Amino acid sequence: MSILKREFSKLIDVCLEKEVDKVNSDKYRLKYHLMPPIGWLNDPNGLCQFKGEYHVFYQYSPFDANGGLKFWGHYKSKDMIEWEDLGACLYPDTPHDCHGVYSGSAFVENDRVYFYYTGNVKHVGSYDYINNGRGHNTIMVTSEDGINFNDKKVLLENIDYPSNMTCHVRDPKVFKKNDKYFMVLGARDNNHKGCILLYNSDDLEKWNFLNTISTNEKFGYMWECPDLFELKDECSGETKSILCISPQGIEADGYKFNNIYQSGYFLGNMNLENGNFDFGEFIELDRGFDFYAPQTFIDEKGRTILTGWMGLPDIDEEHYTNPTTKNGWLHALTIPRELVLINNKVYQRPIEELRKLRGIYISRELKSTREYNELKGEVYELDIEFNNDIDNLKINLKSDCNISFDKNERTIKLSLGDSGYGRKTRSVTIDRLNRLQIFSDTSSLEIFVNNGEEVFTTRVYSNSNNDKINISGNLEDVKINMYELGEY
Ligand code: FRU
């Protein structure tokens, strides 16, 4: 173990000892979401299933709940329900990653996991961390057990990237197609246009640059956390490429692009021979206030599973706040969601394993009612099916959170009161409302509309003890199933 790693590890233990009781006694600690044990969490990293076990790594700043020096934290699980916390695992302990073990991915082959990440280095005395002044190294580290790592290997340094790039190149995602390996990196070019760099390799170590992929018109100044995968459309049977990015610098446009930064995908066909991608429209993956930097992996059952960061970078008091920082922690990951493609649209469905969390259960069928207010709860799954054309729907929960649907406007709206800590309203337009599946945790909501056609993810910090759920509207032929969700 390097001296630095040993010192970091001691320091984390000291912080844990000092902070962990305060963190764990926070009433907003979540019951079934992954959170940092102390300090700050951002992007999910290195998602994979290896020898049957699921691994989730994440951007972890143990020393400061407001962010800071980044490590990778680690959780593993047999079923994605009961997670074992393995703490900090990749440390910023070499000259090539000394200012942060930034985001990256995992690739599993032949009893080995290959991890790729960005080693961040801020050059001392530099005032320009965009155009120069920053090292952004692509680093590989392998593991035979998914827990212990071999030595870090630097694969690409600044000089290896195309010369028209700024020093914002990061977040490698590696995958295999037709016996060849590919890597995508998110980047910002010298004209401050967001783009992807595509590489290929025969041996997972030596990477050849293939192409810069971007839209004709500039779409934001930086594309973070790229992901490229395929889904077979359940309607047409056609296989499509999904290029997922988290772009920065997009202006709000009506109900679209209302967060500081976005996360979404372009649907198209990726030609991996010449590196060309035919861009379709950019579609946001989430309509809520807290969603960024999602990553997918394919599990041993062949499912494409996505997990996102239930938060956003660069959020200050002007946007909204999170009261958990004063208790020594901030942010969480979303529940894992299985992705399916239906009629050229990516649907997100809570993974079926989450049913294991279900406890006490209530089922109701409403034939012709205007209001239903017998339910209450804090940590639950509320599943509502609308068999008739629902109108004027209003659901009030978590004291001052409202979900509404107006048939004429065809708009689903999420509004938060004081418990939003500055988060106010987000909306999306849909054709018809068939189903709402609401996953509520102590301080979060994930609302799946029409079997995952749209999703709203948000943090919410209810202050009062009001856990009543009130549903009103022309409730004709409405089926309600509510499950208390247990702690893992
Ligand atoms: C996205 C991101 C990545 C970077 C990481 C650093 O939230 O900015 O681009 O690798 O976070 O924590």
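Every number for a ligand or one of its atoms is a count from 1 in the order of the listing. Since we're looking at a predicted model, the values are computed, not measured.
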| said: The test is salt bridge (charged side-chain N to carboxylate O under 4.0 Å, His left out); show your working for Glu205 and Lys153 and say whether it passes. | reply: CA-CA 9 Å; Glu205 276 193 41; Lys153 263 193 193 170; 3.1 Å; yes
| said: Is the distance from the ring center of Phe71 to that of Phe63 below 6.0 Å? | reply: yes
| query | If you measure from the Lys or Arg side-chain nitrogens to the Asp or Glu carboxylate oxygens, is any gap between Glu446 and Arg459 under 4.0 Å? | reply | no
Distances under 3.5 Å, N/O of ligand 1 against N/O of the protein: list each pair and its distance.
unit_1	atom_1	unit_2	atom_2	d
ligand 1	7 (O)	Asp43	OD1	2.8
ligand 1	7 (O)	Asp43	OD2	3.3
ligand 1	8 (O)	Glu224	OE2	2.8
ligand 1	9 (O)	Arg170	NE	2.8
ligand 1	9 (O)	Asp171	OD1	3.4
ligand 1	9 (O)	Asp171	OD2	2.6
ligand 1	9 (O)	Glu224	OE2	2.9
ligand 1	10 (O)	Ser103	N	3.1
ligand 1	10 (O)	Asp171	OD1	2.5
ligand 1	11 (O)	Asn42	ND2	3.2
ligand 1	11 (O)	Asp43	OD2	3.1
ligand 1	12 (O)	Asn42	ND2	3.0
ligand 1	12 (O)	Gln59	OE1	2.6
ligand 1	12 (O)	Lys70	NZ	3.1

For residues 101-109, tabulate all N or O donor-acceptor pairs below 3.5 Å that involve a side-chain atom, not counting sequence neighbours.
unit_1	atom_1	unit_2	atom_2	d
Tyr102	OH	Asn120	ND2	3.1
Ser103	OG	Asp43	OD2	2.6
Ser103	OG	Asn45	ND2	3.0
Ser105	OG	Pro172	O	2.9
Ser105	OG	Val174	N	3.2
Glu109	OE1	Tyr181	OH	2.4
Glu109	OE2	Lys176	NZ	2.7

| said: Can you tell me how far apart NZ (Lys345) and NZ (Lys240) are? Round to the nearest 0.5 Å. | reply: 14.5 Å
| Are His136 and His168 an aromatic pair by the rule of ring centers under 6.0 Å? | no
